[in-house]
S.K.: 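My structure is below; once you've seen it, I'll send some questions.
Count residues from 1 along the sequence. Because the structure is a prediction, the values reported are computed rather than measured.
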Amino acid sequence: MAHHCIREPRYIPPVHVIGKQPDLFGGPTISHATERKPVGAMALRAITKWAIAPWLGDVDRDAVLEEAPAPLPVYLVACVAAKLDHAAEARDLYISPWFRKARAYVERTGSPWLILSAKHGLIAPGAVIEPYDATLGAMGAPARRVWGARVLDELARVVDVATPLIVLAGRSYRDPLWPSIAARATAPMEGLGIGEQLAWLSRVTANI
């Protein structure tokens with residue numbers, strides 16, 4: 001007795017047309033296709049140069065092996081005690097002269113930035129939050145370690161592991177993070193008093 005079955009349709013990979021050629025004898029145009037996407041323009045230039053060079057020594061290695069641009073650094077800016085008395089975007093909530101100068105500086109660089117909040121951990125400048133009274137200085141060492149672990153977890157989810165970090169924050173904010181980020185982080189105002197930090201921020205902002 002014959003057995004009948006339904007055969008699953010065979011998978012046919014999508015094709016990408018990579019060129020067309022008119023038929024020499026007046027027939028239909030011939031399309032050249034591949035199952036893979038065509039190479040990008042940079043790779044195509046490199047392949048072409050290798051193909052036309054009569055000797056390996058004629059190839060400009062720097063032109064062929066073009067390096068990807070380095071990622072922009074991400075700035076981490078500490079929160080401050082002085083705040084508005086109502087909910088606002090985090091970039092506007094903190095109103096101390098130090099924070100306003102730090103904000104002006106990082107925004108002038110064009111690099112992305114995030115805020116180190118004693119209450120919320122890591123927050124985006126555009127996040128709308130209520131004013132709060134929490135400070136890392138008032139926390140014990142265990143609580144600061146928990147805060148640091150939270151920030152590191154959030155940082156891993158939003159910033160690539162190879163991205164440089166520039167930390168504009170005092171030691172109470174840096175110390176819980178530093179063992180994990182030291183290899184790719186810098187703290188340009190380390191060791192400066194508050195007046196020196198304000199002067200440094202004014203100077204570097206003016207020079208951008």
Side-chain angles (χ1 to χ4, degrees), residues 69-208:
L72 289 173
V74 171
Y75 285 81
L76 303 180
V77 181
C79 70
V80 295
K83 304 176 183 70
L84 297 173
D85 60 0
H86 57 83
E89 289 188 356
R91 61 165 59 91
D92 299 320
L93 183 72
Y94 307 102
I95 56 175
S96 76
W98 182 93
F99 187 87
R100 286 178 169 172
K101 283 181 177 290
R103 172 187 173 179
Y105 165 51
V106 297
E107 289 184 342
R108 184 75 66 87
T109 69
S111 290
W113 63 294
L114 298 164
I115 297 170
L116 299 171
S117 165
K119 179 177 180 179
H120 299 288
L122 191 70
I123 54 177
V128 177
I129 56 174
E130 297 279 349
Y132 58 90
D133 294 326
T135 64
L136 285 185
M139 296 181 187
R144 286 196 296 270
R145 286 194 293 271
V146 171
W147 177 88
R150 174 187 178 186
V151 170
L152 290 169
D153 179 66
E154 293 167 343
L155 191 65
R157 289 189 282 108
V158 298
V159 178
D160 185 84
V161 70
T163 300
L165 303 173
I166 300 177
V167 186
L168 305 182
R171 288 197 59 179
S172 59
Y173 287 84
R174 295 198 315 267
D175 287 353
L177 310 175
W178 210 252
S180 297
I181 67 172
R184 58 172 173 145
T186 58
M189 295 191 293
E190 183 177 8
L192 300 181
I194 186 64
E196 294 171 313
Q197 292 182 30
L198 291 170
W200 185 90
L201 288 167
S202 296
R203 183 172 62 254
V204 295
T205 303
N207 290 334
I208 296 175

S.K.: Between L116, L76, V151, which is the residue that forms a side chain to side chain contact (heavy atoms under 4.5 Å, CB included) with Y173?
M.R.: L116
S.K.: Does V146 reach the side chain of P176, with side-chain heavy atoms less than 4.5 Å apart?
M.R.: no
S.K.: Within a strict 4.5 Å, meaning less than it, do heavy atoms of the R184 and V159 side chains meet?
M.R.: yes
S.K.: Minimum heavy-atom separation for P73 and P112, please, with both atom names.
M.R.: O-CD, 3.6 Å
S.K.: Would you compute the distance between atom CG of L136 and atom SG of C79 and round it to the nearest 0.5 angstrom?
M.R.: 7.0 Å
S.K.: Closest heavy-atom contact between K101 and S202?
M.R.: NZ-OG, 2.6 Å
S.K.: Given L152 and L177, is the side chain to side chain contact (heavy atoms under 4.5 Å, CB included) satisfied, shown in steps?
M.R.: CA-CA 7 Å; L152 290 169; L177 310 175; 4.0 Å; yes
S.K.: If you round to the nearest 0.5 Å, how far is CG of L165 from CD1 of I181?
M.R.: 5.5 Å
S.K.: Nearest 0.5 Å, what's the NZ-OH distance between K119 and Y132?
M.R.: 8.5 Å
S.K.: Relative to the ring of Y75, is the ring of Y105 parallel (under 30°), tilted (30 to 60°) or perpendicular (over 60°)?
M.R.: perpendicular
S.K.: Distance from T109 atom OG1 to L72 atom CG, nearest 0.5 Å?
M.R.: 8.0 Å
S.K.: Show me the pairs that pass side chain to side chain donor-acceptor pair (under 3.5 Å) and involve residues 186-199, at least two apart or across chains.
M.R.: W98-Q197
S.K.: Go through the steps to decide whether L114 and V158 satisfy the test side chain to side chain contact (heavy atoms under 4.5 Å, CB included), and finish with yes or no.
M.R.: CA-CA 10 Å; L114 298 164; V158 298; 4.2 Å; yes
S.K.: Using the salt bridge (charged side-chain N to carboxylate O under 4.0 Å, His left out) criterion, which residues pair with R171? Sequence neighbours excluded.
M.R.: D175
S.K.: So which atom in S117 and which in W147 form the shortest heavy-atom distance, rounded to 0.1 Å?
M.R.: O-NE1, 2.8 Å
S.K.: Verify the neighbour count for atom CG of N207: are there more than 12 heavy atoms of other residues, nucleotides or ligands below 6.0 Å?
M.R.: yes
S.K.: Counting only N and O atoms by type, is there a donor-acceptor contact under 3.5 Å from the side chain of R174 to the main-chain atoms of A187?
M.R.: no
S.K.: Tell me every residue that passes side-chain contact (heavy atoms from CB on, under 4.5 Å) with E107, counting only those two or more places apart in sequence or in another chain.
M.R.: R91, R103, W113
S.K.: Which heavy-atom pair separates D92 from L84 by the least distance, and what is that distance?
M.R.: O-CD1, 3.4 Å
S.K.: If you apply the rule side chain to side chain contact (heavy atoms under 4.5 Å, CB included), what do you find for L122 with R150, and how did you get there?
M.R.: CA-CA 8 Å; L122 191 70; R150 174 187 178 186; over 6 Å; no
